[in-house]
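All values below were derived from every heavy atom in this structure, side-chain atoms included, with hydrogens, water molecules and symmetry-related copies excluded. Please read these numbers as outputs of a predicted model, since none were measured by experiment.
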Amino acid sequence: MNPIFTPSLHSQRHQFVVDFVRKNKPNKVADLGCGECRLLKRLKFQRNIELLVGLDIDGAKVKKNMQGLAPLSTDYLQPTYDQLHIDLYQGSVTQRDARLRGFDLVTNIELIEHLTLPDLELFSSVVFGYMRPASVIVSTPNSEFNKLLPGLTGFRHSDHKFEWNRSEFRSWAFKVCLDYGYEAEFTGVGEATQEQQESVGFCSQIGVFQRLNVLPNRDEEEVFSYTLVYSVNYPTLRDNNTLLRVLVSEVLYWAEQMKNRWMEETTGGTNGVLPHSQTEQQEQSACTERLDCPGEGEESTESLWTKDLEESGTLSRFVVVPLAALWSFCPKISELSGNLSNLRRLLMDQPQVKLSQDGSALLLRCEEQEPEQTDGDEEEDEEDASAIQCSHQTEPEEDWEANI
Amino acid sequence: MTGRARARSRGRARGQDTAAPGAVSFTSFSKYTLHCCLLLASRPSLISTGFQQVKLGERGGRRRDFHDTGVYTRQAMEHVKESKTGTTGATIKLTANYFRILSRPQWILYQYHVDFKPAMESRRLRSALLFQHSEVLGTARNFDGALLFLPHRLHSKETVLYSETRNKEKVLITVTLTNELPPTSPVCIQFYNLIFRRILRVLNMQQIGRNYYNPNEPHEIRQHKLTIWPGYSTTILNYESSIMMCTDVSHKVLRSETVLDLMINLRQQCGRERYTDICAKELIGQIVLTKYNNKTYRVDDIAWDHTPNNTFTRGDTEISFKNYYKNQYGLDIHDVNQVLLVSHVKKMGPAGAPPPGPAMLVPELCYLTGLTDKMRNDFTIMKELSTHTRLNPDQRERQLNRFITSIHKNADAQSEMSKWGLSFDEKLLNLTGRVLGGERIFQGPRSYDYNPQSADWSREMRGIPVISAPPLDNWLLFHSRRNSNEAQSLLQTLHKVSGPIGIRMQRPIIIEFEDNQLSLLKALQHNVGQQTQMVVVVLPNSNKDKYDSIKKYLCLDCPTPSQCVVARTLSRPQALMTVATKIALQMACKMGGELWSVEIPLKQLMIVGIDCYHDTSAGKRSIGALVASLNPTMSRWYSKCVLQHKGQEIMDGLKMALTGALKDYLKFNNCLPSRIIVYRDGVGDGQLQSVVNYEVAQMMDSIKSLGEDYEPKLSVVVVKKRISSRFFTMIGDKFTNPPPGTVIDTEVTRPEWYDFYIVSQSVRSGSVSPTHYNVVYDTSGLKPDHMQRLTYKLCHMYYNWQGIIRVPAPCQYGHKLAFLVGQSIHKQPNVKLDDYLFYL
């Protein structure tokens with residue numbers, strides 16, 4: 001639309017909000033008039049935001065674009081402690097909804113000029129009087145700039161109800177501040193040339209409002225006038241199930257790594273079979289020494305050992321990986337679990353994890369590599385199965401050749 | 001995809017049409033549809049040529065045609081014009097993983113051309129202007145910037161609308177009806193696929209590559225940091241008698257570690273020296289997902305001289321990768337010394353602009369997907385994987401039904417469908433197939449039948465002498481010191497089992513080697529001579545380097561058949577008999593022995609199998625292998641392998657190989673074959689056209705080179721193993737796999753092809769996957785029934801498996817050869833080995 005700006009004007013507006021968010025680190029952010037959700041798509045990458053809400057009157061438009069706010073495939077792979085919840089509503093900024101109260105930041109990008117003046121009154125009372133977020137960002141066209149836009153007559157968009165100059169915007173803003181206890185600062189994006197900047201100002205003017213005082217929450221009736229169209233939770237380590245899932249994955253992965261490394265060292269070959277006598281010996285000494293004092297202050301040892309346990313009637317061999325060794329070997333595990341006893345506690349009820357009797361070590365089944373061919377049942381019977389033999393039979397022979 | 005095919009599909013990309021909305025591409029399309037309608041009137045089974053002229057995509061998307069639509073091969077084959085179905089075999093009731101798409105009777109998609117005056121540059125703006133007229137157009141509409149599709153007819157052929165831009169500029173929009181598309185028209189088919197993709201997104205599925213996956217129900221293999229997402233592959237196409245959606249359960253393997261994690265791990269494991277090599281080997285060719293978008297990238301290279309501190313130009317400013325990701329996505333890059341990955345993005349830039357350079361990726365922000373070769377070779381990983389991914393027919397059928405039910409139950413999905421007047425059948429497709437009878441296996445004067453269910457005759461063939469086996473008089477057995485026990489027991493058992501199966505074996509010379517690569521090679525050089533018939537090596541472990549050096553030496557420098565055995569396979573006494581029997585048989589056929597045969601009622605026939613191996617690591621070089629039969633019993637084969645040079649077609653090299661095969665046939669039989677049937681395996685999705693246009697001509701050239709008057713009958717059959725079609729049959733109240741020999745040649749085949757499916761193998765777990773055969777060229781005049789049965793017979797002839805396999809034997813031989821060369825030898829094997837199955 002306005003190729004005179006690079007980057008384009010709308011992305012400059014969005015960048016303004018992003019910069020604001022990065023500086024002020026709000027946790028709860030709502031974008032009113034979110035439309036194609038483009039600002040939300042940028043904001044969802046801002047890690048400090050925990051609740052992101054979009055509101056637009058055009059539910060169909062939101063529905064069309066909401067999929068872009070879903071977590072990325074990779075968000076599921078390595079969840080972090082960051083948490084994010086996104087809700088999208090269909091509804092009007094002239095109506096109240098309790099779910100939008102208590103936000104840190106509410107943005108209104110190129111929104112107010114689409115409202116009639118009576119609606120603008122309602123908007124002010126809803127946003128500044130009812131939602132009462134700590135900060136509000138309002139952007140709107142600066143009509144003084146219009147003369148610099150080539151070929152423009154009238155408003156910039158056919159749906160605009162008004163386009164204000166700088167002083168009109170300011171006087172509206174001051175009235176809002178006075179009525180609802182905010183203070184405002186003015187800036188904008190889309191600069192004219194040096195010499196004109198002074199006389200026309202920014203192409204989009206922006207008001208940043210800060211709440212002056214926190215009013216006690218008046219006991220108002222809870223109103224829910226918006227319709228929820230989309231709601232999504234991002235995976236996070238703060239969710240206990242996710243944390244456990246990730247922790248168990250890490251534990252099993254690193255234990256397996258340690259086991260493999262140790263087995264390689266002991267046997268000297270990748271696929272070798274563990275020499276039995278040697279491990280037996282080691283087990284004796286290692287068991288008595290280490291099993292009873294796991295961790296605390298002690299230099300963690302990386303040495304593992306094997307142990308034979310009876311399991312549903314059959315004797316299986318396990319490699320023992322002390323939790324203490326694991327805890328100090330893998331920083332991610334120590335980070336996730338905090339301390340060793342917590343790690344033990346967390347792993348205790350996990351069906352995928354097999355712990356030793358006293359819970360101080362992990363038991364990993366020592367699998368004898370199976371042969372590549374799994375030759376079913378035929379190993380035992382060595383006598384030659386008598387094949388059904390007969391002479392070449394004489395079926396009425398078909399002639400394949402003559403079919404042209 | 002070969003360079004040529006890629007160039008071709010790129011040439012057809014839809015982007016060019018949209019870039020210049022107007023006359024050129026448009027008229028060509030209208031011409032085609034006219035043609036199409038004429039054809040439709042006279043012969044409903046044939047939908048015309050020129051499929052790819054118009055491509056629909058998501059906004060701005062340019063798609064390749066993975067379904068090989070627009071390849072019309074059947075019409076050129078007189079003998080299958082009326083019918084391409086076979087006749088033999090007992091009928092069987094089957095259920096297939098297809099759903100019919102139902103539309104209103106007389107459903108038509110209306111195609112309009114939209115013209116803007118004055119012309120509008122931006123497509124976004126064009127859409128916005130057009131959609132100001134929702135009251136005229138309705139809500140169901142699809143507009144790509146030039147073409148508008150509506151499910152209903154506008155009042156007049158030409159509709160004039162007025163819109164206004166934000167700048168109050170008046171725009172005159174003319175919407176002209178240019179086409180009425182019947183449901184089977186190619187554009188409509190693309191259209192259905194588009195709508196269906198929208199529906200999958202409505203169901204919260206994540207797109208990765210071509211398929212959609214559900215991230216909310218992951219399976220995890222924790223020991224290896226693997227995450228498996230269940231999902232579906234779907235294709236809507238015009239099948240033999242109706243438009244259907246073929247849908248299969250698919251699984252995506254993701255790894256919960258970043259590329260950087262892996263690189264650090266590799267560095268620790270292999271040390272500085274070999275790091276770059278190993279890292280490149282491990283990473284190049286891998287597909288990665290990023291932390292900031294849902295796109296997949298293929299790693300094509302590693303930029304060892306780039307780090308996140310390097311800059312690139314964005315707009316007109318320079319910005320470092322580190323700052324870019326911080327600004328744009330709030331992502332911190334912790335390791336600023338990591339090197340970057342390079343991905344050559346195939347997509348073209350905006351029309352007219354130069355194509356974008358390669359994408360640089362930061363390892364810390366990338367996750368790997370899929371399995372590496374190393375993982376594929378890891379028995380425990382694969383076993384674990386299969387417990388999650390391998391579904392038996394009953395589970396598969398249930399999951400597919402659940403999928404379709406979830407679509408039927410989802411209100412948004414339903415409204416999207418009904419808006420366009422479409423719906424899905426609620427049940428899987430039922431159809432009838434035929435089960436071909438079992439073949440009789442001949443071994444010299446004796447013959448036997450096998451159990452048709454297990455499709456295996458290892459038991460039946462015990463104690464019956466093979467057709468022929470060269471006596472083994474002069475052979476060597478190598479073993480390392482610690483494996484002398486295994487070597488001894490192998491030797492003893494070999495002597496015990498070889499007699500009854502008709503293989504005469506003298507005692508070998510036994511040589512002990514130090515367990516390292518160099519001394520093993522020295523031992524080979526020292527001992528293997530001209531007279532040596534066979535070399536057997538007992539290896540202490542499955543170390544690839546050692547194996548490679550043996551194969552290299554014995555396939556290139558000193559052409560001798562060889563057999564490697566890992567000691568561990570010999571360590572279980574109860575399996576020793578079976579193992580030794582297999583080894584004895586394998587040794588015999590490597591030296592030119594013939595094990596068994598089936599009856600093949602065609603004379604002077606040469607069967608050719610072609611397969612390729614794509615080496616992703618070593619500069620993406622492909623290897624093609626051609627294997628051709630030399631005798632009437634299909635028990636002797638000529639094998640040739642070619643290494644493809646950059647930008648060269650596989651067939652350029654195989655042309656020579658085919659000539660070589662014909663000359664060898666002449667030597668063996670004193671005549672040239674009067675009939676040649678080529679089974680071409682290894683054709684990728686979307687490559688069919690190039691096989692039909694290019695390869696067939698090359699084959700004919702090659703045949704011509706033996707004499708102008710030599711005109712054998714030629715059939716070319718494209719063999720496809722990786723397909724998503726699945727068939728089930730009901731036994732009792734449970735779905736099971738159809739028995740080996742099941743042929744399907746109706747309903748799910750394509751009207752424009754002479755194609756059929758055969759389920760030839762039997763599987764012990766999971767669902768069997770049928771093989772698709774597409775006869776693209778055929779002057780043999782062979783009845784479809786005979787073509788099907790011949791194909792099935794050939795699946796019995798693979799000597800490394802005493803049973804029926806998935807593809808005709810020469811394809812599997814070709815695969816084996818190409819694999820050996822691609823993995824171990826990297827050069828063309830010595831010509832002296834051409835007449836032997838030395839690569840088994």
Give the member of [options] that has the highest number of heavy-atom pairs under 4.5 Å with chain A.
options: B:Asp412, B:Leu790, B:Leu254; answer: B:Leu790
options: B:Thr139, B:Asn293, B:Ile208, B:Thr317; answer: B:Asn293
options: B:His224, B:Lys252, B:Glu220, B:Arg255; answer: B:Glu220

Do you know which two heavy atoms are closest between [X] and [Y], and how far apart they sit?
X: B:Val202; Y: A:Gln67; result: CA-NE2, 4.0 Å
X: B:Thr290; Y: A:Thr74; result: O-OG1, 2.8 Å
X: A:Gln78; Y: B:Ser256; result: NE2-O, 3.2 Å
X: B:Lys291; Y: A:Phe45; result: O-CE2, 4.1 Å
X: B:Gln206; Y: A:Ser73; result: OE1-OG, 3.5 Å
X: A:Trp254; Y: B:Lys225; result: NE1-NZ, 4.2 Å

Report which part of [X] has an atom under 4.5 Å of a heavy atom belonging to chain B: side chain, backbone, both, or neither.
X: A:Lys63; result: side chain
X: A:Arg245; result: both
X: A:Val246; result: neither

Using non-hydrogen atoms only, which part of [X] is less than 4.5 Å away from chain A: side chain, backbone, both, or neither?
X: B:Glu257; value: both
X: B:Trp229; value: side chain
X: B:Leu605; value: neither
X: B:Gln328; value: both
X: B:Asn214; value: neither

Hey, what do you get for [atom1] ([X]) to [atom2] ([Y]), rounding to the nearest 0.5 Å?
X: B:Tyr329; Y: A:Gln46; atom1: OH; atom2: CD; answer: 12.0 Å
X: B:Asn327; Y: A:Gln15; atom1: CG; atom2: CD; answer: 6.5 Å
X: A:Ser249; Y: B:Leu226; atom1: OG; atom2: CG; answer: 10.5 Å
X: A:Gln257; Y: B:Asn265; atom1: CD; atom2: CG; answer: 6.0 Å

- Interface residue of largest heavy-atom contact number with chain B, from A:Leu72, A:Leu252, A:Asn48, under 4.5 Å: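 Answer, by heavy-atom pair count under 4.5 Å with chain B: A:Leu72.
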- Query: side-chain contact (heavy atoms from CB on, under 4.5 Å) between A:Glu256 and B:Arg222: does it pass, once the steps are laid out?
  - Reply: CA-CA 9 Å; A:Glu256 186 79 13; B:Arg222 299 181 148 123; over 6 Å; no
